[in-house]
Structures are given as structure tokens and as C-alpha cells.
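Presented below is the structure to which this report refers.
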Amino acid sequence: MWKLTRREFLKGAAAGIGIYSAASPSLGAIAEETSKKSRIVIVTSPNIIVDRDKNTNTPSKLRMESVGEVDPSLDQKVLNSMVAEGIKAFTGEKTESGAWKKLFKPNDIVGIKVNCLFSVGASTHPEVVASLIAGLRSAGIPAANIIVWDRNNREMKSAAFVINNSGSGVQCYGTEGNYEDEPTQMGSFNGRLSKILTQKITALINVPILKDHSISGITCAMKNHYGSHNNPGDHHANGCDPYLADLNSVPAIREKTRLIVCDAIKPQCHGGPGYRPDFVWEYKSLLFAADPVALDFMGWQIIEKRRAEIDRKPLAQEGRPTKFIETAASKGLGTNDPTKMEIIRKVVNV
């Protein structure tokens with residue numbers, strides 16, 4: 001049950017107000033209450049976007065381990081700092097390496113699930129992935145134990161990812177039809193899961209891009225897993241509801257997900273999921289969470305706020321409400337109640 005109105009929550013979120021105020025209770029009481037809340041860390045930097053012709057801080061120029069680069073307007077040093085601040089705030093650790101070590105062990109095989117379906121501009125930035133790779137490497141995870149993946153090589157190449165399935169270095173490749181022989185059934189979901197998800201990885205980082213979607217309202221954390229099985233087209237009826245909730249209830253997804261990092265540097269508020277540059281804006285943020293429902297709720301609020309700013313109707317009034325978020329909450333996948341979220345905001349000014 002909501003205890004804040006949508007207007008109040010949007011106003012607070014836009015102003016950077018978290019769940020706690022200066023008049024918060026004792027640290028012990030906060031720790032006890034926080035354990036019951038879904039933590040979302042929103043890291044923003046006014047300096048992340050720079051003059052592309054003068055940018056000397058790209059993954060290649062910094063000689064970082066990466067799987068490609070696509071946007072020369074992103075300052076990679078700033079992006080690295082955003083990831084460092086985000087992961088520390090999310091885990092509560094004081095150092096970046098300590099934060100990554102809290103989530104991942106050196107013997108983990110870590111899958112980084114990106115969204116590449118609609119090519120450059122509407123896909124996860126490879127630069128964001130480069131920062132995540134650096135973090136995982138700081139936790140002692142061998143490069144070859146990191147697999148960046150999506151549906152197929154063609155789509156990944158179209159989003160500027162460089163395919164590598166050599167077994168050496170950071171791996172980057174698509175499922176390429178290598179799905180389980182037998183379908184997984186979970187409620188309304190019935191599909192064959194990628195063997196990368198089911199057999200190759202032990203831990204998962206979900207890295208969606210935040211954008212509008214013509215059927216489900218938005219695409220973010222939960223929708224990104226439509227790239228994790230063979231028949232997403234069969235699961236789009238009724239605004240993808242309850243298919244998205246049931247898909248994200250599958251143990252291979254739910255139990256392996258250690259972290260969700262939403263790429264909201266340049267989100268899109270209308271015309272999605274294909275690229276519509278006229279509806280892209282510079283939000284300059286990354287969102288960190290483990291609760292996919294809370295993260296999608298926050299992504300929805302960000303999209304709705306931007307739509308209001310440019311005089312677009314709310315998604316529900318356009319006939320595409322985000323019903324799947326409420327359904328997922330009702331199935332116990334997370335919370336869509338803002339009073340049960342701990343919102344931490346960080347600003348990186350390097």
C-alpha cells in the first residue's frame with residue numbers, strides 16, 4: 001500500500017531526497033530498518049559527457065580491458081569513478097575492490113547481460129561494461145571468467161561490442177541459438193533459456209539501458225531478460241504482463257543475479273524500444289540495485305518525469321501502463337512501494 005503520493009515521490013526523487021532525512025533515528029534503528037528496504041543507488045555526474053573531439057579518456061586511450069566503445073563523448077575516467085562510488089554505496093564498503101569482493105569471488109564465472117537489440121544509441125554502452133570489467137578484475141576475477149553476452153553476435157556487433165569467444169581475455173558473444181533443449185516453464189513463461197545463463201555462468205550482472213517501450217511502457221531490468229531466452233515474441237501480449245514477472249521468477253535468473261546496473265546516461269522517454277534521438281536526453285546517471293522491481297519502478301518514475309517535462313502524456317494514458325511492475329511485486333520479486341526503498345544519491349564531480 002502506498003504511503004506517499006506519486007507526486008510527492010517524484011518531487012522528492014528529483015530533488016535528491018532519500019528515505020532518510022536529517023532527523024532520522026539512531027544508527028542502530030536505521031540499520032535495522034534498512035535491512036527491510038530495497039536499496040537503489042543513483043550516481044550522477046555533470047562531467048560524464050564531454051566534447052567528443054577533445055576527449056582523451058576513452059577505454060582504448062586509457063588502455064582498459066574492454067569489449068568495445070561507441071560514444072566518444074563519454075569521459076571514461078568519470079564513468080569509472082561513478083561505478084566506484086555506486087558499488088561502494090550499494091554494498092556499504094569503503095573501498096571499490098572491497099565492494100566488488102563482497103559480491104563476487106575469484107572462482108565465479110560472471111555473466112554481464114547487456115541489451116543490444118536496437119543498435120547504437122538504444123543499447124547498453126560498452127563503456128559502462130568496461131568500468132564493470134575493471135571492478136570485477138579488482139576482485140581477482142580472471143578476465144576469461146567474465147562473459148559479456150546477449151542474444152546473438154550480429155546484434156552485439158551492431159551496438160559496437162567486439163566479439164571474442166577465444167577463451168582468452170574477457171569473453172564477449174551472443175547465445176547464437178545455443179538454448180536449452182527443453183523449455184523452462186514458470187507460470188505464464190514458457191521458453192528455452194540461454195545456456196550461457198544456465199550452464200556457463202555462476203553469477204550475473206544485469207546491465208540494461210533505460211528507455212521507453214511501445215508495449216510494456218518501459219524496458220529496464222526485467223525486460224532485459226527477454227534476451228535470455230529463445231522466444232520473446234511469444235511473451236508480449238497484455239503489455240508483457242504477467243510474462244515479465246514469471247520470467248524473472250525463474251531460478252537461473254533470480255538466484256544468479258548479484259547486481260543490476262542500469263545505464264541511464266542517455267535514456268529515451270518516448271518512441272522506444274528503437275532509437276529515437278529526438279526523445280533521448282542527458283540524465284547522466286547509473287542506477288545500482290539488486291531488486292529488479294524497485295529498479296524498474298524507479299526507471300518508470302524517471303521516464304514519466306521526463307515525459308511530463310516535454311509535455312508527453314503519462315504512459316498509462318497512451319495505453320501502455322507498466323502493469324508488469326505491480327505484478328512482479330505481487331509475486332514477491334521485489335517492491336514497488338517507495339516507502340520500502342532506500343534511495344541513495346551520489347554526485348561525482350571529478
Side-chain angles (χ1 to χ4, degrees), residues 6 10 40 113-119 121-124 150-151 155 159 186-191 193-194 206-250 253-254 257 260-264 266-276 279-281 283 287 289 291-308 312-337:
R6 179 174 173 274
L10 281 172
I40 302 174
K113 172 63 176 71
V114 293
N115 185 335
C116 302
L117 181 57
F118 287 96
S119 191
S123 300
T124 307
D150 200 6
R151 299 201 314 172
E155 291 171 358
M186 179 67 70
S188 63
F189 172 71
N190 187 352
L193 299 173
S194 169
N206 185 359
V207 192
I209 185 168
L210 176 61
K211 58 184 178 178
D212 171 90
H213 195 280
S214 59
I215 296 174
S216 59
I218 69 161
T219 177
C220 193
M222 287 187 277
K223 188 72 167 55
N224 194 27
H225 281 299
Y226 268 22
S228 299
H229 64 94
N230 71 309
N231 59 339
D234 294 340
H235 297 83
H236 275 82
N238 194 42
C240 303
D241 181 58
Y243 306 108
L244 276 171
D246 289 337
L247 167 62
N248 282 269
S249 299
V250 170
I253 293 173
R254 195 170 185 181
T257 300
I260 308 167
V261 180
C262 174
D263 181 348
K266 296 179 180 181
Q268 181 174 315
C269 69
H270 187 71
Y275 184 46
R276 285 286 301 274
F279 291 111
V280 172
W281 85 104
Y283 192 64
L287 284 71
D291 180 339
V293 183
L295 184 58
D296 279 10
F297 178 90
M298 178 58 72
W300 168 44
Q301 301 303 297
I302 292 168
I303 291 286
E304 292 282 31
K305 182 176 184 294
R306 178 59 178 174
R307 290 175 64 85
R312 303 295 308 192
K313 293 179 182 179
L315 293 170
Q317 291 185 21
E318 288 200 346
R320 43 200 182 98
T322 56
K323 296 183 293 182
F324 70 91
I325 296 176
E326 183 176 358
T327 299
S330 73
K331 289 177 178 285
L333 270 70
T335 184
N336 66 335
D337 182 346

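Judged purely by atom type and a 3.5 angstrom limit, Q268 uses its side chain to pair as donor or acceptor with the backbone of R276. The backbone N or O of L315 sits less than 3.5 Å from a side-chain atom of E304, completing a donor-acceptor pair. Side-chain N or O atoms of S330 include one that pairs as donor or acceptor with a backbone N or O of T327 at under 3.5 Å.
Of all heavy-atom pairs spanning I215 and C240, the tightest one is CG2-SG, 4.2 Å. The two residues M222 and I325 make their nearest non-hydrogen contact at CE-CA, 4.4 Å. For G121 against I209, the heavy-atom pair with the smallest separation is O-CD1, 4.3 Å. Of all the heavy atoms in D296 and C220, the pair that sits closest is OD1-CB, 3.1 Å. Counting all heavy atoms, side chain and backbone alike, A328 lies closest to V293 at CB-CG2, 3.7 Å. Closest of all the heavy-atom pairs between G274 and A122 is C-CB, 4.3 Å.
In this structure D246 satisfies the side-chain hydrogen bond (donor to acceptor under 3.5 Å, both in side chains) test together with S188, K331, sequence neighbours excluded. Contacts of N115 classified as side-chain hydrogen bond (donor to acceptor under 3.5 Å, both in side chains), with partners at least two apart in sequence or in another chain: none. In terms of the salt bridge (Lys or Arg N to Asp or Glu O under 4.0 Å) criterion, K223 has no residue partners (sequence neighbours excluded). Y243 is linked by a ring-ring contact (aromatic ring centres under 6.0 Å, His included) to H235, counting only residues two or more places apart in sequence or in another chain. Applying the side-chain hydrogen bond (donor to acceptor under 3.5 Å, both in side chains) criterion to S228, with sequence neighbours excluded, gives H225. With sequence neighbours left out, the side-chain contact (heavy atoms from CB on, under 4.5 Å) criterion links P232 to R151, Y226, H229, H236. Checked against side-chain contact (heavy atoms from CB on, under 4.5 Å), N238 has the following partners two or more places apart in sequence or in another chain: D241, K323. Residues that satisfy the side-chain contact (heavy atoms from CB on, under 4.5 Å) test with T257, not counting sequence neighbours, are L204, I253, I260. Applying the salt bridge (Lys or Arg N to Asp or Glu O under 4.0 Å) criterion to R320, with sequence neighbours excluded, gives D212, E318. Residues passing the side-chain hydrogen bond (donor to acceptor under 3.5 Å, both in side chains) test with R312 are H270, sequence neighbours excluded.
With rounding to the nearest 0.5 Å, the separation of NZ in K211 from CD1 in I218 is 12.0 Å. Remark: M186 CE to N248 CG distance equals 11.0 Å, nearest 0.5 Å. W281 contributes atom CH2, which lies 7.0 Å from atom CD1 of I302 (distance to the nearest 0.5 angstrom). Annotation: the span from L287 atom CG to L210 atom CG amounts to 7.5 Å, rounded to 0.5 Å.
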Exercise. List the steps and the verdict of side-chain contact (heavy atoms from CB on, under 4.5 Å) for D337 and F297.
Key: CA-CA 9 Å; D337 182 346; F297 178 90; over 6 Å; no
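Using a 4.5 Å cut-off on side-chain heavy atoms (C-beta onward), K113 and V207 make no contact. Using a 4.5 Å heavy-atom threshold, the side chains of C262 and L295 count as touching.
Considering T322, I303, T219 in turn, T219 is the only one that fulfils the side chain to side chain contact (heavy atoms under 4.5 Å, CB included) rule with H213.
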